[in-house]
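Each ligand, and each atom within it, is numbered from 1 in the order the structure gives. Below, each value reflects all heavy atoms present in this structure, side chains not excepted, and no hydrogens, waters or symmetry copies.
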Amino acid sequence: MRKIDIFDTTLRDGEQSAGINLNTAEKLEIARQLERFGASVIEAGFPASSPGDFEAVKRIAETIKRSTVTGLARAMKSDIDTSWEALRGAEQPHLHIFLATSPIHMEYKLKKTPDQVVDIAVEAVKYAKRFFPLVQWSAEDAFRSDPAFLVRIINEVIQAGATTINIPDTVGYASPQEYGALFKFLKENVTGMERVKLSTHCHNDLGMAVANSLAAIENGADQVEGTINGIGERAGNAALEEIAVALHIRKDFYGVETGINLQEIKRTSQLVSQLTGVVIQPNKAVVGKNAFAHESGIHQDGMLKNRETYEIITPELIGETTAPLALGKHSGRHAFKDRAISMGFELTDEQLNEAFGEFKNLADKKKEITEDDLFVLFTGKQIEYSNVPTYELTNVQVQYGTSNVPTATVSATIPTGENVVVATTGAGSVEAIFNTLEQLVNGQVHILDYRVTSIGKGRDALGEAVVNLSFNGEVLTGRDVAQDVLEASAKAYLNAINRKLIKSAVKVKEPVS
Ligand code: KIV
Ligand code: ZN
């Protein structure tokens, strides 16, 4: 079967979404999971865009061995030099250069003529090939470019040494028929296309990113780019888990395979959602909470008679376990460790002890511990921040009554090591907590977004809070989980502030085995 490479850009195009700010350790944890997921290429960031991106790309390039690691660069020497410094430690150094080719981008953004754009592209690819064995060249806004000009510039960059050609629908304007036709046209008209990989990269502005990507595959694309959960700027990118499952379920039609480990989909999706704070819509295909829920009586009846009446994808296919969790408050460390291993977490003894302590506390409060709860406990345990002093919540208490002014009292350890108690009021419980924390952190805080969701089902489900705020002008997102949503909210707020403190000073603990 024809093999389609999966190029994951969750950590580059996905991370460009409003409000996402992952630190190096979190990016590395996602990259490790993408490697398990089976991504052929992981785009780890844009090294020349910031020191944080540079450091993350370098760490990921040095760590990940089973997927090719790449970084994005503009078509300029300084970006290519910086990218080489970040990527030279990779198993198979790969660079991704982009340059716009549509009339509107060339005239207004680049202020260059088409001839100049061809020269810049060729020079950049030639220069990159001095260092990188693998160079992908992207025609930014390719879909709105003149197809004849695309043929001309692609001919030239292939001659210059590009090994992959990417045809992005940067603004999500294409329809599947048109986008597929463009791939067919390029396949038929570019000289040497059979020597390079042809790649698709779609945005979801009109909700057609996945359909367009599949149309490109039908018309000869060898590689498909996208992000987990479809995160990305504006309406996002093509959702890779949807593409992987569509190609698997409909292999009778598409006749291709991806090498993706479908069993890792659920976990990859949850990890990306938890670390980015981007909640998955309940009805999202493949990974939404309701993707396998059958509500109507007729459907349930059909399912009981034969699951295939209404189920084309099983939850098991994507690694969602429906089996009850045989763990409770009397379970021992050994069973707990086995569970962590079977869920794919490689934890050190110290990390395991910490998670076990949290599990026992939770089991005291919660009737039934679910796999989702355990996932939350284990996620992030591999991340250890260096000894950057941060804010740690010790206690939060709220006095609330329908006819009283809500008052919050917070005690916390502050970065100097002191324990401080602050109290103030607000129009509601959450506002009272946030006002109190603003006094504690001593800066200007504006709340931009705030969400609480439940992890799993039932009245004793864990609550997850995500707070998007600006702190002294810098936009940060924090998240945390607790059984009480007010506690989760206070911790999420402090998590956002702490991110600023630890931004570049992170270290990642390696698992023992
Ligand atoms: O959408 C786009 O055009 C991109 C390029 C940088 C490949 O993300
Ligand atoms: Zn893009």
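- Applying the salt bridge (charged side-chain N to carboxylate O under 4.0 Å, His left out) test between Arg152 and each of Asp115, Asp119, Asp146 identifies Asp115 as the sole match.
- Only the side chain of Asp13 comes within contact range of ligand 1, with a heavy atom under 4.0 Å; no backbone atom does.
- Applying the 4.0 Å criterion to heavy atoms of His96 picks out, from ligand 1, the atoms 7 (C).
- Looking at ligand 1, you'll find an N or O of His203 within less than 3.5 Å of one of its N or O atoms.
- Scanning all protein heavy atoms for the shortest distance to atom 5 (C) of ligand 1 gives Arg12 NH2, 4.0 Å.
- Interface of Ser138 with ligand 1, defined as ligand atoms under 4.0 Å from a residue heavy atom, comprises 7 (C).
- For the Zn ion (ligand 2), the N/O/S atoms of Asp13 include one lying under 2.8 Å.
- Counting heavy-atom neighbours within 6.0 Å of Gln444 CD, excluding the residue itself, gives a total of 12 or less.
- Within the structure, the closest approach of Glu225 to ligand 1 does not fall below 4.0 Å when heavy atoms are considered.
- The pair Lys58-Glu62 meets the salt-bridge criterion, with a side-chain N (NZ, NE, NH1 or NH2) lying under 4.0 Å from an Asp/Glu carboxylate O.
- For atom 4 (C) of ligand 1, the closest non-hydrogen atom on the protein side is His201 NE2, 3.5 Å.
- Between NE2 of His201 and NE2 of His203, the angle at the Zn ion (ligand 2) works out to 100°, rounded to 10 degrees.
- Taking every non-hydrogen atom of Thr170 and a distance limit under 4.0 Å, the qualifying atoms of ligand 1 come out as 1 (O), 2 (C), 3 (O).
- Aromatic rings from Tyr450 and Phe434 are positioned such that their centres are separated by under 6.0 Å.
- In this structure the side chain of Lys111 never reaches within 4.5 angstrom of the side chain of Met106, judged on heavy atoms.
- Heavy-atom proximity to Glu140, at under 4.0 Å, picks out these atoms of ligand 1: 3 (O).
- Using a distance-only test at 3.5 Å, with no hydrogens or angles considered, a donor-acceptor pair links the side chain of Ser17 to the main chain of Gly232.
- Side chain of Asn155 to main chain of Thr191: a donor-acceptor pair is present (N/O by atom type, distance under 3.5 Å, no hydrogens or angles).
- Between the side chain of Ser40 and the backbone N or O of Asp5 there is no donor-acceptor pair closer than 3.5 Å.
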